[in-house]
Amino acid sequence: MDSAWTALDMETQTMLKTAIKDPKTVDLEKLSNAVVEHSLKDLSFCKDAGRMCYAVVQAEAQKTASSVFRRNLLNRLQQEFIAREETRKRSMQEWVCVVTFICSIFDYIKVNNSPIAALVDPVYDCLFRLAQPDSLMNEEEVDCLVVQLHRVGEQLEQTNSERMNQLFYLLRDGFLLQEDLSSMTRLLLLEILEFRASGWTLSETAHKYYYSEVAD
């Protein structure tokens, strides 16, 4: 989280540190907006932003018994989710950041040790969008899809296995039937199909095969 932390401007870093120590003294709505805004511009930051947000959510719950930060964070995520198609048309980089950030929040922030129920369908909807034929023609979107399935696929399947089945039918059909996919996309799709079929894990041999191919 240290590298993600230093990616923020000094004002936001200070707010964040203070929020973890004494959340009552910080404008938590302003802080959540600042974290979201930075996440939409910086892919490497938004991968770890969920952990940062989790620290603030925990501090607020324990020290003030409130949830201002989490509530505002979810409201912002809902806005970004609603605007996802416009975002995708405007900026592929921002669209990939939106998906990555939503999945990061889903991964880290839990309620009673379970994922936030309100995020399950939005996460699925984003991944289904990445599995559409036009997205499978874009390696940036395919890479995002595969990375997020590695990250939250198993958790997500536990919340709704039927939707995961539907998602993987799409991926299988794309792999088998869609022409003009790049060799990298085919490799990534084959890897994620095998990853789930093997119980969300890869054997050491399979890992070496896929990731030496990617490196080459």
Side-chain angles (χ1 to χ4, degrees), residues 3-4 7-8 35-53 76-108 119-157 163-164 166-196 200 202 206-207 209-216:
S3 58
L8 294 166
V35 171
V36 172
E37 293 300 329
H38 196 82
S39 294
L40 300 183
K41 299 172 186 171
D42 186 339
L43 183 59
S44 62
F45 173 82
C46 66
K47 289 175 183 177
D48 267 337
R51 193 183 319 175
M52 197 177 291
C53 292
R76 281 299 309 272
L77 286 178
Q78 182 181 37
Q79 292 169 23
E80 298 302 331
F81 172 74
I82 290 169
R84 64 194 182 282
E85 200 61 42
E86 291 79 3
T87 301
R88 183 178 180 273
K89 290 174 184 174
R90 181 179 69 250
S91 168
M92 187 58 64
Q93 179 183 347
E94 191 174 331
W95 157 235
V96 167
C97 284
V98 167
V99 179
T100 302
F101 186 54
I102 290 176
C103 288
S104 182
I105 297 301
F106 176 84
D107 187 25
Y108 280 109
L119 289 180
V120 172
D121 282 337
V123 170
Y124 263 122
D125 288 348
C126 286
L127 298 182
F128 268 82
R129 182 64 186 88
L130 292 172
Q132 297 305 309
D134 59 335
S135 291
L136 293 182
M137 298 300 292
N138 186 308
E139 286 186 5
E140 192 176 356
E141 289 184 278
V142 175
D143 183 67
C144 178
L145 171 64
V146 169
V147 167
Q148 302 318 317
L149 282 169
H150 271 277
R151 178 174 200 162
V152 301
E154 187 172 12
Q155 291 182 63
L156 205 54
E157 182 165 38
R163 286 206 77 184
M164 188 61 73
Q166 293 166 359
L167 177 61
F168 271 77
Y169 294 151
L170 271 181
L171 297 180
R172 183 197 59 197
D173 288 350
F175 177 78
L176 294 174
L177 305 175
Q178 194 167 332
E179 297 179 0
D180 300 326
L181 294 181
S182 71
S183 57
M184 178 59 74
T185 291
R186 289 194 177 281
L187 185 70
L188 288 169
L189 290 178
L190 185 60
E191 187 270 344
I192 200 63
L193 289 167
E194 183 172 341
F195 184 66
R196 186 198 179 209
W200 300 103
L202 277 183
H207 188 277
Y209 169 74
Y210 287 113
Y211 288 95
S212 65
E213 290 285 333
V214 170
D216 292 345

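Sequential numbering from 1 along the given sequence is applied to the chain's residues.
Shortest non-hydrogen contact noted between W95 and E141 is NE1-OE2, 2.9 Å. The minimum heavy-atom distance linking A131 with L171 is given by the pair CB-CD2, 3.6 Å. Of all the heavy atoms in V99 and C126, the pair that sits closest is CG2-CB, 4.1 Å. For the residue pair C144 and L130, the shortest heavy atom distance occurs at SG-CD1, 4.0 Å. Heavy atoms only, all atoms of each residue included: V152 and C103 are closest at CG1-O, 3.7 Å.
Under the side-chain hydrogen bond (donor to acceptor under 3.5 Å, both in side chains) criterion, Y108 pairs with R51, sequence neighbours left out. Remark: V147 pairs with D143 by the side chain to side chain contact (heavy atoms under 4.5 Å, CB included) rule, at least two apart or across chains. Shown here are the side chain to side chain contact (heavy atoms under 4.5 Å, CB included) partners of E86, two or more places apart in sequence or in another chain: A83. For F195, the ring pair (Phe, Tyr, Trp, His ring centres under 6.0 Å) partners at least two apart in sequence or on another chain are H150, W200. Judged as a side chain to side chain contact (heavy atoms under 4.5 Å, CB included), and not counting sequence neighbours, the contacts of E94 are L40, T87, R90, S91. Partners of Q178 by side chain to side chain contact (heavy atoms under 4.5 Å, CB included), not counting sequence neighbours, listed by chain and number: P133, L136, M137, L181.
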**OP:** Starting from the C-alpha separation in whole Å, work towards a yes-or-no answer on salt bridge (charged side-chain N to carboxylate O under 4.0 Å, His left out) for R163 and D125.
**Re:** CA-CA 10 Å; R163 286 206 77 184; D125 288 348; 2.8 Å; yes
**OP:** Show the numbers, then the answer: is there a side chain to side chain contact (heavy atoms under 4.5 Å, CB included) between V120 and F106?
**Re:** CA-CA 8 Å; V120 172; F106 176 84; 4.0 Å; yes
Subject >> Verdict with reasoning, E37 to K41, per salt bridge (charged side-chain N to carboxylate O under 4.0 Å, His left out) >> reply: CA-CA 7 Å; E37 293 300 329; K41 299 172 186 171; 5.1 Å; no
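Distance alone, capped at 3.5 Å, places no donor-acceptor pair between the R129 side chain and the E85 backbone. Judged purely by atom type and a 3.5 angstrom limit, T185 has no side-chain atom pairing as donor or acceptor with the backbone of E139. With S39 contributing its side chain and V35 its backbone, the two residues share a donor-acceptor pair below 3.5 Å. The main-chain N or O of C46 is never found under 3.5 Å from a side-chain atom of T100 such that the two would form a donor-acceptor pair.
Residues R186 and L190 are not in side-chain contact: their nearest non-hydrogen atoms beyond the backbone lie 4.5 Å or more apart. No side-chain heavy atom of E157 sits under 4.5 Å from any side-chain heavy atom of L149. At least one side-chain heavy atom of V146 sits under 4.5 Å from a side-chain heavy atom of E191. In this structure, the side chains of Q166 and Y124 stay at 4.5 Å or more apart for every pair of heavy atoms.
Annotation: the span from L156 atom CG to R151 atom CZ amounts to 13.0 Å, rounded to 0.5 Å. Between atom CG of residue L187 and atom CD1 of residue I192 there is a gap of 11.5 Å, rounded to the nearest 0.5 Å. For the atom pair L8 CG and D42 CG, the distance stands at 8.5 Å (nearest 0.5 Å). Note that the CG atom of L127 and the CG atom of L167 stand 6.0 Å from one another [nearest 0.5 Å]. One finds the CG atom of L77 at 6.5 Å from the CG atom of L119 (value rounded to the nearest 0.5 Å). Note that the CG atom of L145 and the CG atom of N138 stand 11.5 Å from one another [nearest 0.5 Å].
For the pair R172 and F175, the cation-pi criterion (under 6.0 Å, within 45° of the ring axis) is not fulfilled.
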